[in-house]
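The model shown is predicted, which means the values in this text are computed figures rather than measured ones. Residues take their numbers from the sequence shown, with the count starting at 1. Counting starts at 1 for both ligands and their atoms, following the listed order.
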Amino acid sequence: MRRRTFLGAAGAAAVALALSGAALAQEAVKIGLILPMTGPFASTGRQIEAAAKLYMQQQGDTVAGRKIQLILKDDTGVADVTKRLAQELIVNDKIAVMAGFGLTPLALAPAPLATQAKVPQVVMAAATATITEASPFIVRTSFTLPQATVPMAEWAAENGIKKVVTLVSDYGPGIDAEKAFTGAFTAKGGQVENLRVPLANPDFSPFLQKVADAKPDALFVFVPSGIGAQFMKQFVERGLDKSGIKLIGPGDVTDDDILNGMGDVALGAITTQHYSAAHDSPENKAFVEAFKKANPNMRPNFMAVGGYDGMHLIYEGLKKTGGQGGQALIDAMKGMSWTSPRGPVSIDPQTRDIIQNIYVRKVERRDGELYNVEFATIPNVKDPVKAAKFN
Ligand code: VNL
């Protein structure tokens with residue numbers, strides 16, 4: 001009788017334990033993924049969505065005993081919409097993390113909400129240097145334009161280029177690229193003229209006419225991901241492909257997603273960036289193969305790798321906190337390092353930006369496809385704008 005009572009109590013305790021365990025497991029950790037899935041920057045949304053889903057497919061949807069639920073929202077590339085969606089995800093869905101953010105204005109809009117609600121904001125795409133300063137809850141897995149651009153200026157100065165015209169989209173990352181290039185290139189004795197083109201519905205032809213007239217050794221271009229093909233088309237129409245003016249810039253203009261469709265005009269373009277689908281490592285070969293298998297008509301670009309690594313950072317952060325979000329999660333992410341498809345990376349604990357290799361690449365045809373083929377590496381590059389502030 002006594003023995004049975006004891007067993008009964010133990011049994012009841014076990015049932016209670018199992019129930020609370022089940023209740024905990026049911027309470028999913030929600031990740032709000034806000035991306036431009038429609039509009040002129042939909043390619044960025046598609047790349048990041050595909051990469052985030054691939055990561056979850058490979059790593060499973062349970063972390064630290066908690067189910068992970070990804071909630072995808074389309075902000076259509078409009079900052080007010082990004083902010084409203086972030087607000088709804090925080091208040092109604094009680095997300096632990098928000099992620100994505102395809103362009104600079106879209107990353108800046110919800111930053112005050114991240115601070116107020118103490119919700120980590122993982123920026124997977126936007127790349128203006130100052131973004132991480134908009135909230136102590138922002139961490140970035142993409143890159144910054146100055147980080148990608150200074151190596152371009154140095155390569156140009158060391159390779160016989162003396163006179164350059166810069167042509168950039170007229171907003172945060174373009175202005176960052178223009179300043180970083182001009183500063184580093186003139187410091188090495190180079191000569192620069194600056195041109196800016198509107199971000200929305202750009203017509204490059206009047207600017208390209210100015211470039212043709214200026215006859216520089218090289219044209220330095222920044223346009224955001226997805227716009228490079230439009231630029232290249234007008235570059236050819238203006239006859240600049242036959243002018244002997246070299247095309248250089250950060251790698252956004254020869255983005256892997258659309259490079260193949262540009263044709264021979266892109267051959268020989270020299271760019272500097274953190275990711276190429278042709279990056280020669282076992283991690284990248286596996287990533288590209290799995291990405292293409294899951295998305296038959298796509299090739300991963302630098303946006304995809306920002307999304308893939310962003311998910312990795314969230315998963316590893318949650319493992320450290322046992323599924324907790326908030327301040328604990330952002331703290332757990334600081335200083336984290338891993339081997340990405342792009343090479344070795346870490347999160348700078350001081351700035352919450354990513355420290356990574358920048359590669360110098362040349363567009364070449366390989367096995368019938370155009371690729372940014374890496375030929376030099378600048379290791380462990382920090383964002384130079386913030387490095388100058390802290391050191
Ligand atoms: C940004 C920077 C967007 C680089 C991009 O593509 C890009 C941005 C959409 O910060 O707005 O390639």
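- Relative ring orientation between Tyr275 and Phe287 is described as perpendicular, the plane-to-plane angle rising above 60° on a 0-90° scale split at 30° and 60°.
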Q) Under the ring pair (Phe, Tyr, Trp, His ring centres under 6.0 Å) criterion, do Tyr359 and His279 qualify, and how do the steps go? A) CA-CA 9 Å; Tyr359 306 92; His279 178 66; 5.0 Å; yes
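- Heavy atoms of Gly226 come nearer than 4.0 angstrom to ligand 1 in no pair at all.
- Atoms of ligand 1 lying under 4.0 Å from at least one heavy atom of Phe302, given by number and element, are 12 (O).
- Using a 4.0 Å cut-off between heavy atoms, Pro173 contacts ligand 1 through its side chain alone, with no backbone atom that close.
- Residue Thr104 has at least one N or O atom closer than 3.5 Å to an N or O atom of ligand 1.
- Considering backbone and side-chain atoms alike, Phe143 places every N or O at 3.5 Å or more from each N or O of ligand 1.
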Q) Phe181 and Phe222: ring pair (Phe, Tyr, Trp, His ring centres under 6.0 Å), yes or no, with the steps? A) CA-CA 11 Å; Phe181 185 84; Phe222 167 79; over 10 Å; no
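- Only the side chain of Phe222 comes within contact range of ligand 1, with a heavy atom under 4.0 Å; no backbone atom does.
- More than 12 heavy atoms of other residues, nucleotides or ligands shown are found within 6.0 angstrom of NZ on Lys285.
- Taking every non-hydrogen atom of Ser225 and a distance limit under 4.0 Å, the qualifying atoms of ligand 1 come out as 5 (C), 6 (O), 7 (C), 9 (C), 12 (O).
- Close approach to Tyr171 involves these atoms of ligand 1, each under 4.0 Å from a residue heavy atom: 1 (C), 3 (C), 8 (C), 11 (O).
- With no hydrogens or angles considered, a side-chain donor-acceptor pair links Thr166 and Asn194 at under 3.5 Å.
- Of all atoms in ligand 1, numbered sequentially from 1 with element shown, those under 4.0 Å from a heavy atom of Ala126 are 8 (C), 10 (O).
- Closest heavy-atom approach to atom 4 (C) of ligand 1 within the set Asp252, Thr128, Thr44, Asp176: this belongs to Asp252.
- The side chain to side chain donor-acceptor pair (under 3.5 Å) test with Thr38 is passed by exactly one of Thr76, Asp74, Asp75: Asp74.
- Between Phe204 and Phe231, the ring planes lie perpendicular to each other; the angle is over 60°, past the 30° to 60° tilted range.
- Residue contact check: Gly102 has heavy atoms under 4.0 Å from atoms 3 (C), 9 (C) of ligand 1.
- Which parts of ligand 1 touch Met303 is read off a 4.0 Å heavy-atom cut-off, strictly below it: atoms 5 (C), 6 (O), 7 (C), 9 (C), 12 (O).
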**Q.** Intermediate values then yes/no, side chain to side chain donor-acceptor pair (under 3.5 Å), Thr271 and Arg361
**A.** CA-CA 5 Å; Thr271 58; Arg361 315 94 53 86; 3.0 Å; yes
